[in-house]
Every structure is written in structure tokens, then in C-alpha cells.
Amino acid sequence: MGAESVPRREVVTGRPRPFGGTATPRTTPSPQPGSEVYPERLIRRQLKAALITTALLAVLLGLLPVLLRILPFADTAPRVPLAVWLLLGVAPYPALLAIGAWYVRRAERNETGPAADAPAERP
């Protein structure tokens, strides 16, 4: 068995750097007197959006057993009717998608610069 040829490895990197050059250190800006307020406001807005989303999801999913109990045909037939399948398998998902999309839009709006300084909007 002969020696197998090994393909040559090529290393791809960024553009060549000048020899001996070092990166200049970046300085972080000193905190402004009112800058402590921004993270607190952002956290408060994000917490509010998360609590609203959690409450909506809890109400949506918590009502499913109630709806199944008050349906008139839930106790009569031993087989599961089509309405129960639709209630469990189809109905929650558009609402879950809408709530998730609302939360993502709200979180992105909260984290943008100028919109973060504006007062929080009601959903």
C-alpha cells in the first residue's frame, strides 16, 4: 500500500494585517448622570410585555378545559367529535402565533434607540 496523497490545506483569513501592528484600545464612554435610568426603564418595559404575554397565554390555554367541559356533547359520545379536535388542534395556534408576533415586535420596539426613550404604548 502506497502513501496516499493528502490534499493541501488552505487557511482562509481576513485581509492581511501589517506586521507588528496592534489594535488600538477602545475606550468605553463614561456613564452619564441620567444613564442609570435607561436600563431600568428598558427592564421594566420588557417585564411588562413578558407579564402581559404570559397572562394572555395562560388565559388562552386555561380556557381550553373550560370550553371542553361546557360543550354539550363532551359527555354523551364515547368517541371524540370533530369539534373537540378543532378546539384542541386548530384554534389555539393562530392566537399563539399572534401573541408571539406581538411580543417580538414589542421587544424590538423597546430596544431601539429613539423608541426606547418614548413612553411605553398600550397594547
Side-chain angles (χ1 to χ4, degrees):
M1 303 200 347
E4 297 179 15
S5 66
V6 178
R8 183 175 162 230
R9 289 187 172 195
E10 297 201 21
V11 178
V12 179
T13 60
R15 59 189 154 107
R17 295 182 183 172
F19 180 75
T22 60
T24 58
R26 294 184 184 176
T27 59
T28 58
S30 61
Q32 300 295 329
S35 66
E36 293 86 20
V37 176
Y38 174 72
E40 291 174 5
R41 286 174 50 192
L42 178 63
I43 290 170
R44 197 175 321 121
R45 286 182 190 153
Q46 293 290 64
L47 179 63
K48 181 181 176 183
L51 291 175
I52 290 171
T53 303
T54 303
L56 287 173
L57 290 172
V59 167
L60 173 72
L61 297 176
L63 284 179
L64 285 177
V66 174
L67 288 174
L68 286 173
R69 185 68 184 148
I70 62 175
L71 287 175
F73 50 81
D75 294 330
T76 58
R79 60 192 167 120
V80 180
L82 179 64
V84 173
W85 281 104
L86 291 176
L87 182 66
L88 291 176
V90 177
Y93 294 107
L96 291 173
L97 183 66
I99 291 170
W102 173 82
Y103 178 75
V104 168
R105 280 196 325 263
R106 175 94 178 220
E108 288 175 350
R109 184 177 33 190
N110 284 341
E111 291 178 357
T112 56
D117 294 332
E121 297 178 11
R122 298 241 174 222

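- Residues forming a side chain to side chain contact (heavy atoms under 4.5 Å, CB included) with Leu67 (at least two apart in sequence, or on another chain): Ile70, Leu87.
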Anything under 3.5 Å between a donor and an acceptor, one on a side chain of residues 52-61, the other on a protein residue two or more places apart or in another chain? List them.
unit_1	atom_1	unit_2	atom_2	d
Thr53	OG1	Ala49	O	2.8
Thr54	OG1	Ala50	O	2.8

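- Through direct or indirect side-chain contacts shorter than 4.5 Å among Ile, Leu, Val, Met, Phe, Trp and Tyr, Leu47 is connected to Leu51.
- For the side chain to side chain contact (heavy atoms under 4.5 Å, CB included) with Asn110, the lone residue among Lys48, Arg45, Arg105, Arg41 that qualifies is Arg45.
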